[in-house]
*Asks:* 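I have a structure I would like to understand better, so I am pasting it below and will then ask my questions one at a time.
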Amino acid sequence: MTIIETIEQLAAKLAGLPDWEDRYTEIIAMGKGLPLYPEEFRSDQFKVKGCQSQVWLHPRNEAGVLHFDADSDALIVKGLVALLMNVYSGRTPAEIVASNDDIAKELSLEQHLSPNRANGLASMIKQIRLYALAYSLLKP
Amino acid sequence: MTIIETIEQLAAKLAGLPDWEDRYTEIIAMGKGLPLYPEEFRSDQFKVKGCQSQVWLHPRNEAGVLHFDADSDALIVKGLVALLMNVYSGRTPAEIVASNDDIAKELSLEQHLSPNRANGLASMIKQIRLYALAYSLLKP
Amino acid sequence: MIYDLRSQFPILQRHVHGDKPLVYLDNAATTQKPKAVLDAIADFYVTSNANAHRGGHALGAEATALYESARGTIGRFLNAAPESVVFTHGATEALNLLATSIERTYGASLRGKSIVISEMEHHANIVPWQVLCERTGALLKVIRICDDGSLDMQHAQELIAHNCAVVSIAHMSNVLGTINDVETICTWAREHGAHSIVDGCQFVVHNQVSVDNIGCDAYVFGGHKVYGPFGIGVLYGRPEWLTVLEPYQAGGAMIDNVTFEKTTYAEPPLRFEAGTPNIEGAIGLGAAINWLSSIDRKTVADQETSVTEAMIDGLLQHDRVRVIGGDYARNGIISIVVDGIHANDLGTLMDEQGVAVRTGHHCAMPLMRRLGLQGTLRASVAAYNSIDDAHRFLDAFSRSCRMLG
Amino acid sequence: MIYDLRSQFPILQRHVHGDKPLVYLDNAATTQKPKAVLDAIADFYVTSNANAHRGGHALGAEATALYESARGTIGRFLNAAPESVVFTHGATEALNLLATSIERTYGASLRGKSIVISEMEHHANIVPWQVLCERTGALLKVIRICDDGSLDMQHAQELIAHNCAVVSIAHMSNVLGTINDVETICTWAREHGAHSIVDGCQFVVHNQVSVDNIGCDAYVFGGHKVYGPFGIGVLYGRPEWLTVLEPYQAGGAMIDNVTFEKTTYAEPPLRFEAGTPNIEGAIGLGAAINWLSSIDRKTVADQETSVTEAMIDGLLQHDRVRVIGGDYARNGIISIVVDGIHANDLGTLMDEQGVAVRTGHHCAMPLMRRLGLQGTLRASVAAYNSIDDAHRFLDAFSRSCRMLG
Ligand SMILES: Cc1ncc(COP(=O)(O)O)c(C=O)c1O
Ligand SMILES: Cc1ncc(COP(=O)(O)O)c(C=O)c1O
C-alpha cells in the first residue's frame with residue numbers, strides 16, 4: 001500500500017466511528033499496541049519539539065528503509081504516534097519525502113480530534129519527513 | 001468684579017452668540033484688541049507649554065497686583081488669551097490662587113470652541129495660576 | 001443573592017464539537033467579554049473613531065476624551081491618580097517596560113545587586129528580569145515556595161534585606177491560586193530601599209485593589225483577563241517613580257521636542273505611551289472595569305468560591321486526584337494531577353465533551369520543575385460560571401478518567 | 001467606474017458641532033473602519049474568543065486558526081511568507097523592536113557605524129534610532145531632502161556607501177505625500193552590507209506592496225491607518241534576518257524553555273510576539289486587508305487622486321496658499337500653508353464647519369524645521385472620500401480664510 005492508500009484506509013476507519021468516544025477508545029488502543037520504546041533513546045535528542053506532551057521518535061535505517069521507534073507519555077498522543085507509524089514506518093526515504101505535509105488534514109484527523117493533538121501531529125510529521133530528507137541527502 | 005463675576009459676564013456674552021461664526025469673529029476681535037507684546041519677552045522662557053500654537057505669557061508684579069503681557073501667533077488663540085487677560089490681569093495672586101481650575105468649563109468655552117483651543121486654554125490657565133502661586137509663596 | 005450573568009456573555013450560548021454546550025473554565029488564560037465591552041468598542045468605531053492626543057477636530061477630541069476617561073476609570077479601580085496609569089499592550093509589555101526602563105535608568109549601578117522574584121512566577125515576570133540581569137550584571141534571586149504553594153516569607157525577607165534593587169512578585173499565582181502577602185513584601189522593599197512591583201494579572205479579576213494599601217511602586221495587569229479586550233494592559237506607577245524612569249519605546253506622542261541632535265520627552269504617563277495608543281482597547285477595558293464595578297464584587301467572589309469548592313469536592317472523590325498547592329482559598333483556580341493519567345489526555349477528552357480547561361505548564365515552567373510535575377490540568381472560574389458548570393466539569397472529568405483507565 | 005464606499009462606513013453619517021455633516025479628511029492620522037472590520041471583531045468575541053497558541057480546547061484552536069489566518073492574509077498582502085510576518089502593537093512598536101533587537105544583536109560593533117534616516121521621517125522613525133545611537137555609539141546620519149520634497153538621492157547614496165549599518169526610510173511621507181524610491185535605496189544598502197528598513201505606514205494605504213520587489217530587510221506598517229483597528233501593527237522581516245535578530249520583549253509564547261539559569265527562545269515569528277497577542281486586532285486587520293483586496297485598488301487610487309486634485313486645484317485659486325512639497329503625485333496627502341494665516345486658526349474654523357483636517361507638525365518636527373515652517377494644514381484622502389467632500393473642504397477653507405482676514 002502506498003502512503004496515500006494507508007492514509008485513506010485509516011481515514012475510513014476513523015470516519016466509521018462517528019462517536020467521539022469510540023474514536024478515542026480506538027486511538028488509545030492503537031497506542032497500547034505500539035512496541036516498547038528502547039530506553040536508551042529516551043533522551044532529549046529524540047524528543048519532538050512542538051508537541052504539548054513528550055514525544056520521542058528514533059529513526060532506524062534498515063537497508064534503505066526507514067523504521068521508527070516512537071513513544072509518548074500521553075495515551076492519546078501515543079495513539080496518534082502509532083497511527084503515524086502505520087503510515088510511515090517501513091517506507092523508503094524517497095517515498096516519505098515525496099508524500100505531502102498535509103496528511104493530518106487529509107486524514108480528516110484535525111476535524112476528528114481536539115486541536116492540540118492535531119498540532120502535535122504536525123510536529124511529528126515534520127520530524128519524520130526531516131529524518132527522511134536527511135537520510136536521502138546524506139545516504140552513505 | 002470678582003473672577004467669578006467676570007467669567008459669568010464673558011459666558012453670557014458668548015452664549016448670546018449662538019452662531020459659531022459670530023462667536024469666533026468676536027473672539028478674533030478680542031485678540032486684535034490685546035496690547036502689543038513686548039518683544040524682549042518673546043523668548044522660549046515665556047512660552048506656554050502644551051498649546052498647539054505659540055503662546056507667550058509674561059507676568060508683572062505691580063504693587064502686589066499681577067499683570068500679564070500675552071500674545072499668540074494664532075488669531076483665535078490670541079482671542080482666548082485676551083479673554084483670559086480680562087479674567088486674570090489686575091488681580092492679586094491670592095485671588096487667582098483661590099479661583100478654581102475649571103474656568104474653561106464654567107465659561108462653557110469648551111462647548112463653544114473647537115477642542116484643541118480648549119486644550120491650550122487649560123495650559124494657559126495652569127501657567128497663570130502657577131505664576132500666581134509662585135508670587136504668593138515667594139513674595140518679597 | 002445569585003448573579004446570573006451568563007446572558008451578558010453571548011459566547012456562552014455556543015456549542016462546540018457538534019452539539020456539546022460550551023463550559024468555559026479557562027478563565028485564567030482569558031475571560032469572555034460582556035456585551036457592555038463589545039458595545040463600547042463598536043460604539044467608539046461607529047461614533048468617535050479618530051486618533052487621540054493629536055488634537056484638532058471634533059472626533060479627535062471625542063476620542064481623546066474617551067481614552068482619558070478610560071484612564072480615569074482604571075485609576076479609580078486601583079485607587080490611584082489617572083497620571084499614574086500608563087496604558088500598555090498587555091501585562092507582558094508592562095513588565096518589559098519596567099525591566100527596560102529600570103535598566104536604562106539605573107544602568108551600571110545594578111551590577112551585583114539582586115532582582116528578587118519567586119518560584120511561582122509566570123514567564124512574563126521571569127524572562128524580562130533574566131534579560132536585565134544578563135545586560136547589567138544584576139543577580140536574579142528566587143524566593144522559594146513551601147510545599148503548600150505559599151511563598152517562604154522568611155526567605156523572601158532575607159533576599160529583600162540583602163542588596164536587593166527590585167522585587168517583582170505575582171499578587172496571585174496563575175497556577176496555584178495562591179495569594180501572596182504583597183503588602184508585607186512591599187514594606188520590606190521600602191525599608192531596604194528596593195523598588196517593588198506587583199503582577200496583578202490574576203488578582204484583579206477576583207478582588208478589589210488599592211495600590212496605596214499595597215504600597216508598591218508599580219502594579220501591572222492585562223485587559224483580556226479581566227473581561228476586557230486583547231491588546232491592552234495597565235502599568236500603574238507611583239508618580240514619583242514614573243517621573244524618574246527613562247522612557248521605554250520612542251515615537252509620536254511621548255516626545256516634547258525632536259531635533260536630530262536632541263529629543264526631549266513628555267511628562268508621564270504619555271512619556272511611556274509611544275505611538276498611536278490602542279484607543280479602542282483602552283475604551284474597551286474601561287467598559288470592562290465599569291461593568292465589573294456595576295456588580296457587587298463580594299457577591300461574585302462568593303459565587304466563584306462556591307463553584308470552585310463544588311469542583312474541588314467532586315475531584316477529591318477520585319482517590320487518584322491530587323490538588324496542587326495545599327488547602328488555602330483558591331480564588332477560582334484549581335490545578336490538579338491525576339496519578340497515572342496525563343493531563344493532556346484529560347484535557348483532550350474533556351474538550352470533546354465541551355469543557356474547556358487548560359493543561360500544561362501554564363507559562364510557569366520553573367514552578368512545574370519545583371513541584372516535580374510535567375504539567376497540570378487547570379480549571380479556572382469566572383463571574384459567569386455556575387454550579388451547573390461545576391457539575392458538567394465533574395461529569396466530563398469522571399468520564400475521561402474512565403476512558404483513560 | 002466609481003466606488004461608493006461611504007455606506008460601509010457608518011461613522012460617515014455623523015454630524016459634528018450640532019448639525020454639520022462630517023467631512024473626514026484626517027485619514028493619514030487614522031482611517032475610518034468599514035463594517036467588515038467591526039463585524040470581524042464582534043464575530044470573534046461572540047463566537048471564538050480564547051487565548052491563542054496556548055492550545056487545548058476548541059475555542060483556543062479557533063482563536064489560533066483565526067489569528068494565524070490573519071497572518072497569512074498579511075503575508076499575501078505584502079507578497080511574503082506568513083513566517084516573516086510579526087504582529088506588533090503598531091508601527092511605532094515595530095520600529096522600536098527593530099532598533100532594540102539590532103542593538104542587542106550587533107551591540108558594540110555598531111560603534112562608529114552610521115544609521116541613515118531622512119529629513120522627512122516621522123518621529124517614530126527618528127527617536128528609536130537616536131536612542132540606539134546614544135546607547136551604542138552609532139552615528140545618526142540624515143539624508144537631505146530637495147526643495148520639491150523629494151529625497152536627495154545622491155546624498156542618500158553617499159551616506160549608504162560609507163560605513164552604514166542600517167538605513168530606515170519612509171516609503172511615503174506623512175506630511176508631503178512624497179513616495180521615495182526605496183527599491184534603489186535597498187539595492188544600495190544590499191551592495192554595501194547595510195540592513196534596510198522601510199516605514200510603509202502611509203504607502204500601504206494607497207498602493208500595492210511586494211517586499212520582494214522592494215528588496216528590504218524589514219517593512220513596517222500600522223493597522224489603524226489602513227482601515228484596521230488600533231493596537232495592531234505589522235513587522236515584515238526577511239526570514240534569514242529574523243532568525244538572526246535577538247528577541248525584543250520577553251514573556252509567554254516567545255519562549256522555548258525557561259529555567260532560572262537559562263531561557264531559550266522560540267523560532268520567529270513567535271519569538272518576537274511576547275505575551276498574549278492582540279488576537280482581536282490581528283483578526284480585525286486581516287478583515288481590513290481582505291476588504292481592501294475585495295475592491296479594485298487601482299480604481300480606488302484613481303478616485304483618491306481625483307479628489308486630491310480637485311482639492312489642490314481649488315486651493316491654488318487662493319493666491320496666499322502654498323502647497324508644500326512640489327508638484328508630484330501626492331497620494332492623497334496635501335500639506336499647505338497660507339501666508340499670514342496660522343494653520344491652527346484654519347483648522348479650528350474648518351472643524352466648526354464639520355471638516356476634519358490636521359494642523360501642526362504631524363510628528364515630523366525636523367521636517368518642519370527644514371522647511372522653515374511651524375506647521376501645516378494637512379488634508380488626507382481615503383477610499384471613501386468623494387468629490388463632494390473636496391467641495392465642502394474648499395468651501396470651509398474659503399470661508400475660514402475670509403473670517404481670518
Ligand atoms: C500571573 C500572570 N502574569 C503575567 C501574565 C501575562 O499576561 P499577558 O500574556 O496577557 O501579557 C499572565 C497571563 O498569562 C499571568 O497569569
Ligand atoms: C510615516 C509614519 N510612520 C510611523 C507612524 C507611526 O504610527 P503609529 O503611531 O500608528 O505607531 C506614522 C503615523 O503616525 C506615520 O505616518
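None of the values given here were measured: they were computed from a predicted structure. Atoms considered below: every heavy atom in the structure, side chains included; atoms not considered: hydrogens, waters and symmetry mates.
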*Asks:* Which bit of D:Val16 comes within less than 4.5 Å of chain C, counting heavy atoms only: side chain, backbone, both or neither?
*Replies:*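 D:Val16 touches chain C through side-chain heavy atoms alone.
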
*Asks:* Answer yes or no: is there a side-chain heavy-atom contact under 4.5 Å between C:Ile255 and D:Met365?
*Replies:*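 Touching, per the 4.5 Å side-chain cut-off.
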
*Asks:* Only counting residues at least two apart or in another chain, list the ones meeting side-chain contact (heavy atoms from CB on, under 4.5 Å) with C:Ala124.
*Replies:*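 Per chain and number, C:Ala124 pairs via side-chain contact (heavy atoms from CB on, under 4.5 Å) with C:Thr92, C:Leu95, C:His122.
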
*Asks:* Go through the atoms of C:Lys262 and report whether side chain, backbone, both or neither lie under 4.5 Å from a heavy atom of chain D.
*Replies:*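 Looking at C:Lys262, just its backbone touches chain D.
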
*Asks:* Do D:Phe230 and C:Asn49 come within less than 4.5 Å of each other through their side chains, counting heavy atoms only?
*Replies:*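 Result yes, sub-4.5 Å side-chain heavy-atom pair found.
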
*Asks:* So for D:Tyr265, is it side chain, backbone, both, or neither that comes closer than 4.5 Å to the heavy atoms of chain C?
*Replies:*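 Side chain of D:Tyr265 only, per the 4.5 Å heavy-atom cut-off to chain C.
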
*Asks:* Only heavy atoms, only distances under 4.5 angstrom. Which residues in residues 33-42 of chain C are near chain D?
*Replies:*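 Near chain D, by residue number: C:Lys33, C:Leu38, C:Ile41.
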
*Asks:* Less than 4.5 Å apart, any side-chain heavy atom of D:Ile11 and any of C:Tyr45?
*Replies:*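 A side-chain contact under 4.5 Å is absent here.
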
*Asks:* Need one label for C:Ile279: side chain, backbone, both or neither, based on atoms under 4.5 Å from any heavy atom in chain D.
*Replies:*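 Contact with chain D is through both the backbone and side chain of C:Ile279.
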
*Asks:* For the OG1 atom of C:Thr276 and the NE2 atom of D:His224, what is their distance to the nearest 0.5 Å?
*Replies:*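 Those atoms lie 3.5 Å apart.
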
*Asks:* Please classify the contact between C:Asn278 and chain D as side chain, backbone, both or neither, with a heavy-atom cut-off of under 4.5 Å.
*Replies:*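 Contact with chain D is through both the backbone and side chain of C:Asn278.
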
*Asks:* Looking at chain D, which one of C:Gly90, C:Pro229, C:Cys363 has the largest number of heavy-atom pairs inside 4.5 Å, strictly under?
*Replies:*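 Top option by heavy-atom pairs under 4.5 Å: C:Pro229.
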
*Asks:* D:Gln32 versus chain C, heavy atoms under 4.5 Å apart: side chain, backbone, both or neither?
*Replies:*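 Both parts, heavy atoms under 4.5 Å.
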
*Asks:* Among D:Ala50, D:Pro10, D:Ala91, D:Gly354, which residue forms the greatest number of heavy-atom pairs with chain C at distances under 4.5 Å?
*Replies:*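 Going by pairs under 4.5 Å, I would pick D:Ala50.
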
*Asks:* Check whether D:Pro277 gets within reach of chain C through its side chain, its backbone, both or neither, counting any heavy atom under 4.5 Å.
*Replies:*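 Only the backbone of D:Pro277 comes within 4.5 Å of chain C.
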
*Asks:* Among C:His362, C:Glu62, C:Lys20, which has the most heavy-atom pairs under 4.5 Å with chain D?
*Replies:*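 Of C:His362, C:Glu62, C:Lys20, C:Glu62 has the most heavy-atom pairs under 4.5 Å with chain D.
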
*Asks:* Does the D:Asn51 side chain pair with the main chain of C:Thr30, one donor and one acceptor, at a distance under 3.5 Å?
*Replies:*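 No, because the side chain of D:Asn51 does not come within donor-acceptor range (under 3.5 Å) of the backbone of C:Thr30.
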
*Asks:* At their closest point, which heavy atom of D:Ala250 faces which heavy atom of C:Pro128, and how far apart are they?
*Replies:*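 For D:Ala250 and C:Pro128, the tightest heavy-atom pair comes out as O-CG, 3.5 Å.
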
*Asks:* Show the nearest heavy-atom pair for residues D:Thr259 and C:Gln130, with the distance to one decimal.
*Replies:*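 Distance-wise, the nearest heavy atoms are O-NE2, 2.7 Å.
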
*Asks:* With sequence neighbours excluded, tell me which residues meet salt bridge (Lys or Arg N to Asp or Glu O under 4.0 Å) with C:Glu93.
*Replies:*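 Per chain and number, C:Glu93 pairs via salt bridge (Lys or Arg N to Asp or Glu O under 4.0 Å) with no residue.
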
*Asks:* Where does C:Glu280 contact chain D at under 4.5 Å (heavy atoms): side chain, backbone, both or neither?
*Replies:*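 Both the backbone and the side chain of C:Glu280 come within 4.5 Å of chain D.
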
*Asks:* Under 4.5 Å from any heavy atom of chain C, what part of D:Glu134 do you find: side chain, backbone, both or neither?
*Replies:*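 Answer is neither: D:Glu134 stays 4.5 Å or more from chain C.
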
*Asks:* Does a side-chain heavy-atom distance below 4.5 Å link C:His57 with D:Tyr24?
*Replies:*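 Yes, at least one pair of side-chain atoms sits under 4.5 Å.
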
*Asks:* Can you tell me which of D:Arg135, D:Lys225, D:Met254 forms the most heavy-atom pairs within a distance under 4.5 Å of chain C?
*Replies:*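 The residue among D:Arg135, D:Lys225, D:Met254 with the greatest pair count is D:Arg135.
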
*Asks:* Looking only at heavy atoms and a cut-off of under 4.5 Å, which of D:Leu22, D:Thr47, D:Leu97 has the most pairs with chain C?
*Replies:*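 Of the candidates given, the most pairs with chain C belong to D:Thr47.
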
*Asks:* Looking at CD of C:Glu121 and CZ of D:Phe260, how far apart are the two atoms once the value is rounded to the nearest 0.5 Å?
*Replies:*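 Atom-to-atom, C:Glu121:CD and D:Phe260:CZ are 8.0 Å apart.
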
*Asks:* Is chain C contacted by the side chain of D:Val142, its backbone, both, or neither, given a heavy-atom distance below 4.5 Å?
*Replies:*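 The answer is the side chain of D:Val142.
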
*Asks:* What part of D:Ile117 lies closer than 4.5 angstrom to a heavy atom of chain C: side chain, backbone, both or neither?
*Replies:*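 The answer is the side chain of D:Ile117.
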
*Asks:* Just so I understand: if I count every heavy-atom pair under 4.5 Å between each of C:Ser48, C:Gly222, C:Gly281, C:Ala282 and chain D, which residue has the most?
*Replies:*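 With the most close heavy-atom pairs to chain D, the winner is C:Ser48.
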
*Asks:* Is there a side-chain contact between C:His361 and D:Val258 (heavy atoms, below 4.5 Å)?
*Replies:*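 Side-chain contact under 4.5 Å: no.
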
*Asks:* Are any of the side-chain heavy atoms of D:Glu261 and C:Leu140 separated by less than 4.5 Å?
*Replies:*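 Side chain of D:Glu261 against side chain of C:Leu140, heavy atoms only: no contact under 4.5 Å found.
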
*Asks:* Taking every heavy-atom pair that is under 4.5 Å apart, which of C:His89, C:His123, C:Met350, C:Gln13 has the most such pairs with chain D?
*Replies:*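 Among the listed options, the one with the most contacts to chain D is C:His89.
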
*Asks:* State which residues pass salt bridge (Lys or Arg N to Asp or Glu O under 4.0 Å) with C:Arg144; sequence neighbours excluded, sorted by chain then number.
*Replies:*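 For C:Arg144, the residues satisfying salt bridge (Lys or Arg N to Asp or Glu O under 4.0 Å) (neighbours in sequence not counted) are C:Asp152.
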
*Asks:* Sort C:Asn125 into side chain, backbone, both or neither according to what part of it lies under 4.5 angstrom from a heavy atom of chain D.
*Replies:*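 Contact with chain D involves no heavy atom of C:Asn125 at all.
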
*Asks:* With a 4.5 angstrom heavy-atom cut-off, which part of D:Thr31 approaches chain C: side chain, backbone, both or neither?
*Replies:*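 For D:Thr31, the contact with chain C is made by the backbone alone.
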
*Asks:* Treating D:Gln249 as the side-chain partner and C:Ala94 as the backbone partner, does any N or O pair qualify as donor plus acceptor under 3.5 Å?
*Replies:*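 Looks like no, no N/O pair under 3.5 Å.
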
